[in-house]
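Accompanying notes for the structure given below.
Letters go in sequence order (proteins before strands), and every chain restarts at 1. Values below: all heavy atoms of this structure, side chains included; hydrogens, waters and symmetry mates excluded.
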Number of protein chains: 2
Amino acid sequence: MRPGTMRERNLAMLLGEVFAHEPVTRARLAALTGFTKTTVSNLVAVLAEAGLVRDGELVHEGERGRPGVAVAVNRDRAAGLGLEVNVDYLAACVLDLGRRVRYRHLVAADNRDQQPERIVTALARLAEQAVASAAAQGLDVVGASVALPGVFDRADALHAPNLGWSNVPMAGLLGEGLPTLRLAAEHDNEANLAALGELWFGAGRTLGDYLHVSGEIGIGAGIIVGGQVFRGARGFAGELGHVAVAPGGPPCPCGGRGCLERVAGQEAILAAAGLTGVTAGSAAGPRESISALVGLLESGDRRALEAVLAAGRSLGAALAAAVKVLDPDTVVLGGIFSPLAPWVRPEVEAALSAGALYGAVPAVVVSPLAGDAAVLGAAGSVIERVHANPALLLH
Amino acid sequence: MRPGTMRERNLAMLLGEVFAHEPVTRARLAALTGFTKTTVSNLVAVLAEAGLVRDGELVHEGERGRPGVAVAVNRDRAAGLGLEVNVDYLAACVLDLGRRVRYRHLVAADNRDQQPERIVTALARLAEQAVASAAAQGLDVVGASVALPGVFDRADALHAPNLGWSNVPMAGLLGEGLPTLRLAAEHDNEANLAALGELWFGAGRTLGDYLHVSGEIGIGAGIIVGGQVFRGARGFAGELGHVAVAPGGPPCPCGGRGCLERVAGQEAILAAAGLTGVTAGSAAGPRESISALVGLLESGDRRALEAVLAAGRSLGAALAAAVKVLDPDTVVLGGIFSPLAPWVRPEVEAALSAGALYGAVPAVVVSPLAGDAAVLGAAGSVIERVHANPALLLH
DNA sequence: TGCGTTTCGTCAACTGCCTTGACGAAACCA
DNA sequence: TGGTTTCGTCAAGGCAGTTGACGAAACGCA
């Protein structure tokens with residue numbers, strides 16, 4: 001570790017305090033960080049020059065004495081671009097440094113069995129529109145992050161069975177297709193980014209360590225420990241969808257039997273509820289199908305209720321095992337389980353409280369973001385990169 | 001972060017390189033760390049003054065040129081004390097800074113339903129003997145760490161059902177009872193320390209991230225991620241013993257049904273194998289009972305084989321779920337599963353390979369340490385504290 | 001209105017720690 | 001014996017945070 005590294009960390013720490021307490025005077029920042037007023041002034045000057053913070057009004061914190069100058073995050077310069085490829089839509093979203101949404105766009109599209117190149121081209125068009133719209137607002141998009149519905153192997157190739165893709169070299173495609181920004185483009189699993197979205201835009205930092213269930217066609221879990229994604233040794237951590245919950249149950253392409261997502265995934269639930277005909281081959285996307293299901297549930301449809309409760313029990317069983325291994329503070333129900341929560345949540349809570357050690361039952365909360373968590377998480381992760389090391393933007 | 005913090009880290013980094021490459025010259029250390037030769041010399045001087053490192057012979061690394069002075073870890077000064085309280089024994093162990101065992105002592109004792117104060121007193125006597133023996137070898141015991149068979153709640157009170165203890169304020173008892181050393185005494189779950197023992201003394205650093213199953217009366221798992229124990233939000237991570245594997249199975253004191261340790265714990269296996277009479281109330285400790293079981297297995301006893309294979313299947317089922325959530329590189333079978341590995345391991349491997357995603361099957365290895373992992377891990381964790389921040393011993 | 005009090009932010013000098021560049025020391029080779 | 005190579009140290013320098021003092025800007029009270 002060299003003096004330069006020390007400075008990078010101190011800039012990050014200071015920016016974090018500004019973000020957490022803005023508007024805040026230099027004197028209070030000194031108290032918060034333990035630095036001297038001199039050091040705070042120097043660091044603030046560096047951040048201000050990079051356009052990350054700016055001085056505001058005079059503020060009077062105490063009763064007497066000279067008022068201080070408010071330092072606040074600069075919401076009119078650096079911005080982050082989040083992109084998402086999903087089975088039935090593409091989405092983009094721009095956040096400013098204060099994590100406010102400044103632009104959103106969602107395009108319905110059937111992306112199944114399409115050439116990855118075509119999709120990346122369409123995504124790039126979305127990205128360019130987003131960057132242009134941001135520029136019109138005076139924002140400078142410094143980086144992008146892409147959420148993808150699949151997992152990455154050790155060579156960073158994407159396997160996305162729900163898109164019909166396997167072994168797709170995403171890093172290369174995105175690097176060529178997307179507009180060049182100051183920070184390199186990144187990509188990650190939809191479940192991981194949705195979990196991060198929850199951290200920044202959902203139930204928020206009060207969650208502690210948590211496990212965020214992303215129910216879609218597959219079922220994934222994003223695991224957040226200490227504010228960061230827990231990925232496991234190969235990046236496959238949180239593959240909740242392939243925990244076996246039904247011994248001797250239906251076979252799964254993964255090679256197992258009775259995997260959770262065969263029993264409680266979107267398609268399994270819709271089929272069990274008698275809604276298969278509505279979706280198969282029709283134009284109705286998943287979100288519409290789930291709305292239809294919720295309609296049935298609210299009208300008290302017996303078959304739909306049975307289907308959803310059974311899915312809730314299976315999900316509860318898988319989560320009970322996961323919780324005993326991970327011991328999170330909270331379990332967040334996201335994706336399709338968010339609209340279905342009134343029926344699913346009691347089942348999950350029952351499964352988690354049976355056999356809880358020493359009262360270690362995590363709270364079960366419902367995601368307010370539902371399907372939007374992933375794009376928001378993607379855009380947020382760009383902002384997070386800047387927060388973690390503002391020196392990246394010093395030029 | 002202040003300059004002093006930077007120095008602490010750099011000392012730690014340098015000590016780490018010395019440990020990894022000793023004997024090593026200052027010039028090579030400079031190449032390894034990226035520091036300049038000047039800085040290396042300064043840092044080495046500080047470590048040498050604290051007695052952590054010392055100069056050795058001249059060594060000739062290249063073909064030509066002036067030979068360098070070998071810097072090596074000083075194995076004759078700082079030492080760490082590991083202590084263990086278990087159901088049927090107390091143990092102590094002293095390691096030097098190079099993690100060599102310099103003293104070991106194990107005392108058989110039935111610690112069930114004893115007063116915690118009595119046990120701590122007995123443990124303190126063991127600790128004093130260990131410190132004295134270390135002193136006789138010229139070693140300075142700088143700290144101690146205690147392995148305990150139970151979990152700690154948020155208030156750091158110990159709950160150890162197998163000892164008949166609940167809500168025991170261990171930190172206080174140990175603080176008063178144990179000899180005062182330069183670093184404060186620490187304590188941790190036996191499963192966690194056993195997992196760390198494996199890291200330093202067992203299959204070693206080649207394991208990557210792993211899950212170490214400690215099969216004893218209960219079944220715990222120590223989870224190592226990036227060389228550190230993964231504890232979860234409340235410190236209950238890795239409670240593998242209470243994953244439900246037998247729906248509608250026997251009830252467990254934890255409140256659940258069909259918990260793994262009711263089905264594959266030591267007592268369940270011995271009972272199923274028809275060995276209950278041998279242990280219940282008799283003087284034979286667990287290790288003897290397991291030896292007896294291994295004897296039966298080797299002689300081909302039908303009932304014993306059935307019992308152990310069934311336990312292996314249950315363990316495999318629980319591990320399969322844990323592995324999909326955590327995605328470790330390796331699963332280590334320790335505790336009683338170490339001697340039983342020839343029979344248990346194939347079952348576990350079968351369970352893990354069914355439904356493995358994208359070839360993400362962790363290797364299953366057998367602990368060479370078996371029951372000794374926890375004391376070694378405890379002593380090793382003291383050494384680790386010094387390695388992580390050698391500045392603790394500067395004064 | 002004027003002056004003391006309080007708090008804010010900045011300035012100049014200082015210290016700690018790593019780096020630079022040069023140099024003497026210690027080996028080998030011719 | 002002298003040239004070459006590599007090792008470790010030394011003096012000077014630079015970066016970054018600290019110290020202590022001081023001017024600036026508000027309020028309160030006479």
| field | Interatomic distance where CG belongs to B:Leu394 and C1' belongs to C:dG16 [whole Å] | value | 15 Å
| Base, sugar-phosphate, or nothing: which does A:Val69 touch, judged by heavy atoms less than 4.0 Å apart? | sugar-phosphate
| note | Its contact letters, B for base, S for sugar-phosphate only and - for none at protein heavy atoms under 4.0 Å, make nucleotides 14-23 of chain D read --SSBBB--B
| query | Taking atom P of C:dT10 as reference, at what distance in whole Å does atom CG of A:Asp55 sit? | reply | 8 Å
| query | Between A:Ser41 and A:Thr38, does a side-chain hydrogen bond (donor to acceptor under 3.5 Å, both in side chains) hold up when you go through it step by step? | reply | CA-CA 5 Å; A:Ser41 282; A:Thr38 308; over 6 Å; no
| field | Donor-acceptor contact present, side-chain B:Thr39 to main-chain B:Phe35, <3.5 Å | value | no
| query | Between B:Pro67 and A:Gly68, which is nearer to the 5' end of DNA chain C once each is assigned its nearest nucleotide? | reply | A:Gly68
| message | Quick check on DNA chain D: between B:Arg28 and A:Gly65, whose nearest nucleotide comes earlier from the 5' end? | response | B:Arg28
| task | Nearest whole angstrom, please: distance from the C1' of C:dC18 to the CD of B:Glu8. | result | 16 Å
| message | Please determine whether the number of non-hydrogen atoms from other residues, nucleotides or ligands lying under 6.0 Å from atom CD of A:Glu176 exceeds 12. | response | no
| query | How are the rings of A:His187 and A:Phe152 set to each other: parallel, tilted or perpendicular (split at 30° and 60°)? | reply | tilted
| task | Look only at the side chain of A:Arg77 and the backbone of A:Leu97, and say whether a donor-acceptor pair between them is shorter than 3.5 Å. | result | no
| said: Using whole Å, what does the distance between atom C1' of nucleotide D:dC7 and atom CG of B:Leu29 come to? | reply: 13 Å
| message | What is the separation between atom CZ on B:Arg26 and atom C1' on D:dC10, rounded to the nearest whole Å? | response | 15 Å
| task | For B:Pro179 and B:Ala127, work out which heavy atoms get closest and say how close. | result | CD-CB, 4.0 Å
| query | When you look at A:His212 and A:Asn192, which way does the side-chain hydrogen bond (donor to acceptor under 3.5 Å, both in side chains) test go after all the steps? | reply | CA-CA 8 Å; A:His212 179 267; A:Asn192 288 339; over 6 Å; no
| query | For the pair made of CG in B:Leu11 and C1' in C:dC18, what is the distance, rounded to whole Å? | reply | 13 Å
| task | Give the rounded distance in Å between these two atoms: NE2 of A:His60 and P of C:dT5. | result | 17 Å
| request: Calculate the interatomic distance between A:Arg64 atom CZ and D:dA26 atom C1'; express it in whole Å. | output: 11 Å
